[in-house]
Visitor: 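Just dropping this structure here.
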Protein chains: 4
Amino acid sequence: MSKERIIKAAIEVFSENEYHRASMDEIALRAQVAKGTLYYNFPGKSQLFKTVVKRTFEDFIRRIKADLQSSIPLKDKIQQTIRHHLDLFLESRHLSHIVFNDISNGFEEDVLDELKLLREEHLNFLATILEEGKCDENYLRDLDSHIAAVGMIGTLESTSKYFLSHQNKYSRDDLERQVFTMITMSLFNSIE
Amino acid sequence: MSKERIIKAAIEVFSENEYHRASMDEIALRAQVAKGTLYYNFPGKSQLFKTVVKRTFEDFIRRIKADLQSSIPLKDKIQQTIRHHLDLFLESRHLSHIVFNDISNGFEEDVLDELKLLREEHLNFLATILEEGKCDENYLRDLDSHIAAVGMIGTLESTSKYFLSHQNKYSRDDLERQVFTMITMSLFNSIE
Amino acid sequence: MSKERIIKAAIEVFSENEYHRASMDEIALRAQVAKGTLYYNFPGKSQLFKTVVKRTFEDFIRRIKADLQSSIPLKDKIQQTIRHHLDLFLESRHLSHIVFNDISNGFEEDVLDELKLLREEHLNFLATILEEGKCDENYLRDLDSHIAAVGMIGTLESTSKYFLSHQNKYSRDDLERQVFTMITMSLFNSIE
Amino acid sequence: MSKERIIKAAIEVFSENEYHRASMDEIALRAQVAKGTLYYNFPGKSQLFKTVVKRTFEDFIRRIKADLQSSIPLKDKIQQTIRHHLDLFLESRHLSHIVFNDISNGFEEDVLDELKLLREEHLNFLATILEEGKCDENYLRDLDSHIAAVGMIGTLESTSKYFLSHQNKYSRDDLERQVFTMITMSLFNSIE
DNA sequence: CATGAATGAGAATTCATTCAT
DNA sequence: GATGAATGAATTCTCATTCAT
């Protein structure tokens with residue numbers, strides 16, 4: 001069905017391009033459907049974007065939860081979380097940027113609310129993981145766990161982008177290690 | 001003179017709006033000049049943007065350097081640096097986002113190069129401050145100082161934006177304190 | 001369909017106006033379509049111009065070749081050729097001027113090449129007719145047949161334009177007769 | 001004085017560029033005066049153009065008349081005339097094109113009239129030379145001498161332009177010889 | 001005499017959206 | 001369900017012209 005093809009194409013286009021540079025033409029082209037079909041299946045660009053974001057984040061949460069289910073040590077949980085987020089930011093930089101940092105893109109109230117919700121849920125999810133530190137032998141610093149989650153997201157996003165334009169200088173592994181150090185040392189008194 | 005008025009208006013507009021949503025019409029309107037006056041003073045939109053970015057960052061660097069000149073303890077230097085960066089991000093979020101994270105906005109080679117230079121200089125400036133930790137009794141963690149600077153910028157940017165949409169929940173002081181904790185604990189083994 | 005209507009309108013507008021004075025607005029207006037429709041059907045002004053030129057010259061060549069097919073005497077061929085060219089210049093002065101005399105109008109390489117090709121083909125076509133004189137009992141003067149063709153085009157263009165602003169002084173028949181005399185006597189030692 | 005400098009610069013600019021692509025900015029630049037100075041000295045672009053045309057043609061006529069004064073044989077007169085016209089067209093193609101072929105450029109009535117007058121005078125001048133043929137032992141063909149002059153101008157203009165883009169193929173001498181042949185054989189029964 | 005900052009009408013182009021089929 | 005031709009508002013940019021100094 002073409003709805004599915006459109007979403008897939010839209011994920012690509014919105015991931016690679018800033019919202020205003022991601023054109024409906026390009027999406028239709030990649031989905032191999034007529035332009036009208038986009039509007040047959042979605043009320044408009046922003047609604048399509050909303051759908052795409054939801055889909056991307058659902059997939060993301062599903063993947064990450066699968067890895068975190070077992071009662072692995074906190075250290076490993078953090079590591080997995082970082083790894084998945086780096087994947088997300090490396091693949092869908094523009095899309096995730098909007099969700100986390102630029103929700104004020106001129107969307108209708110409608111769309112805006114859902115994006116905010118999505119972000120809030122995501123931050124809650126992260127905050128929950130971080131809070132685990134408090135019940136552990138390690139201690140989450142004297143930090144609001146939401147602020148901590150937000151700061152963590154920021155570090156992940158900016159280092160991902162820096163990595164993308166300096167791939168000759170660092171390996172993906174370097175990136176992961178350094179980000180892990182920064183984040184764990186910033187959030188926990190000690191870990192392991 | 002209207003050149004100055006245009007720059008001021010452009011700083012506002014580019015600070016509040018994403019590059020593509022910042023229109024020359026809006027800038028002309030706010031500067032209270034005719035559209036043609038923009039083009040009399042600047043070759044085009046991207047060149048105007050470049051000018052605005054340079055101006056903003058020059059001012060920023062001037063302000064921050066003034067505060068850091070004296071041989072104050074590292075801890076205070078970091079605190080000042082954070083404070084000034086929060087100011088920057090709270091006032092000019094879109095503008096600084098482009099410089100630090102989205103330089104690939106479809107600019108001409110010309111403009112692109114200058115923006116990249118500006119970013120590199122800024123990161124060097126930050127990295128230099130961070131490296132001081134190594135000569136102190138405190139130790140900069142086993143981190144590439146540029147990656148550390150980039151991560152720090154990310155934390156600052158994302159927490160600033162979060163703060164802007166949750167001003168009822170946190171005070172500006174809360175923000176500063178928490179960010180200070182996150183950053184110092186993430187970058188240094190201990191501080192003071 | 002509106003593509004055809006646009007081409008027709010564009011032929012008119014480009015025929016009557018110099019390229020830079022022929023505006024897309026005017027073309028849209030005459031074609032009774034919205035401005036956007038022009039860009040739905042053609043990538044831009046210069047491409048539309050190219051299409052218009054090709055169409056005009058294809059029609060022209062078709063018409064003239066139909067008349068010249070039979071093995072009529074050279075004299076009649078020349079006469080027909082002159083007649084058709086006068087038609088062309090009287091109807092589409094600006095358009096043909098560009099093709100024959102002002103191809104350097106600031107077009108993209110792309111468009112430029114096709115226009116040059118068109119002109120070259122046209123001159124070859126004319127030169128071929130003129131060369132026939134050499135195999136006849138008449139003799140083409142000691143002239144490069146391409147230069148001769150170019151000169152002939154020049155005479156046709158300038159006399160057409162003169163005629164247009166002095167229609168009270170000469171009839172179309174006068175024009176044809178005089179041009180025929182000038183051209184045949186200039187190119188051939190004698191004719192018939 | 002700057003008026004003179006403006007005229008000189010304008011001659012250059014209007015000679016090298018089509019009227020609409022010849023900008024007042026460029027003229028001011030080349031004349032090394034401020035833009036306002038153009039309007040201090042001339043009421044507007046078209047009036048400046050008119051002045052430039054008059055100057056160019058006055059100079060042209062003066063030069064050509066100097067060469068034709070003596071009672072040289074008709075053949076030589078024609079040759080000189082051709083040579084001077086080729087010079088004109090090779091140096092000032094756009095400017096002369098407007099005068100001879102594209103007077104309808106959107107000029108004010110005012111300017112239009114003077115341009116028409118200039119053209120008419122020029123054609124008269126040419127026609128007079130051609131008429132000499134009738135009183136000579138040679139005979140001007142059964143041609144209206146004005147039409148003949150116009151046709152001659154057309155041949156000169158188009159071959160000049162062709163020459164400019166095929167300079168590798170022909171020398172300036174070739175051009176002159178061939179044009180001489182074409183024109184004399186077209187206008188006179190025989191010459192010398 | 002001369003300036004040059006400022007103007008604003010107009011031009012090309014883009015793109016999300018609509019709608020008849 | 002799906003199409004794609006058509007739209008028009010918005011946007012960047014150009015340039016002849018004006019005018020206070």
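So you know, we letter chains A, B, ... as the sequences are listed, proteins then strands, and number each from 1.
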Visitor: Starting at atom CZ of C/Arg21, determine the distance to atom C1' of E/dA12, rounded to an integer number of angstrom.
Guide: 17 Å
Visitor: Just how far, in rounded Å, is P of E/dG4 from CG of D/Leu29?
Guide: 12 Å
Visitor: Does a side-chain N or O from D/Tyr39 land closer than 4.0 Å to OP1 or OP2 of F/dT17, or not?
Guide: yes
Visitor: Would you say the rings of C/His20 and D/Tyr19 are close, in the sense that their centroids are separated by under 6.0 Å?
Guide: no
Visitor: Relative to the 5' end of DNA chain E, which residue comes earlier, B/Lys3 or D/Met1, by the nucleotide with the nearest heavy atom?
Guide: D/Met1
Visitor: Could you check whether B/Ala31 gets within reach of a base, just the sugar-phosphate, or nothing at all, counting any heavy atom under 4.0 Å?
Guide: nothing
Visitor: With DNA chain F as reference, determine whether D/Pro43 or A/Thr37 sits nearer its 5' end, using the nearest nucleotide of each.
Guide: A/Thr37
Visitor: Tell me whether the side-chain N/O atoms of C/Lys45 come closer than 4.0 Å to OP1 or OP2 in E/dA12.
Guide: yes
Visitor: Check this for me: A/Glu120, atom CD, are more than 12 non-hydrogen atoms of other residues, nucleotides or ligands nearer than 6.0 Å?
Guide: yes
Visitor: How would you label the contact of D/Ala28 with the nucleic acid (heavy atoms, under 4.0 Å): base, sugar-phosphate, or nothing?
Guide: nothing
Visitor: Toward the 5' end of DNA chain F, which comes first, D/Ser46 or B/Ser23, by nearest nucleotide?
Guide: B/Ser23
Visitor: At less than 4.0 Å, is any side-chain N or O atom of A/Asn41 found next to OP1 or OP2 of F/dG1? Yes or no.
Guide: no
Visitor: Just by distance, do the side chain of A/Asn41 and the backbone of A/Thr37 share a donor-acceptor pair under 3.5 Å?
Guide: yes
Visitor: Spell out yes or no: do the side chain of D/Lys35 and the base of E/dT3 have one donor N/O and one acceptor N/O closer than 3.5 Å?
Guide: no
Visitor: On the 0 to 90° scale, with breaks at 30° and 60°, tag the D/Phe49-D/Phe14 ring pair as parallel, tilted or perpendicular.
Guide: perpendicular
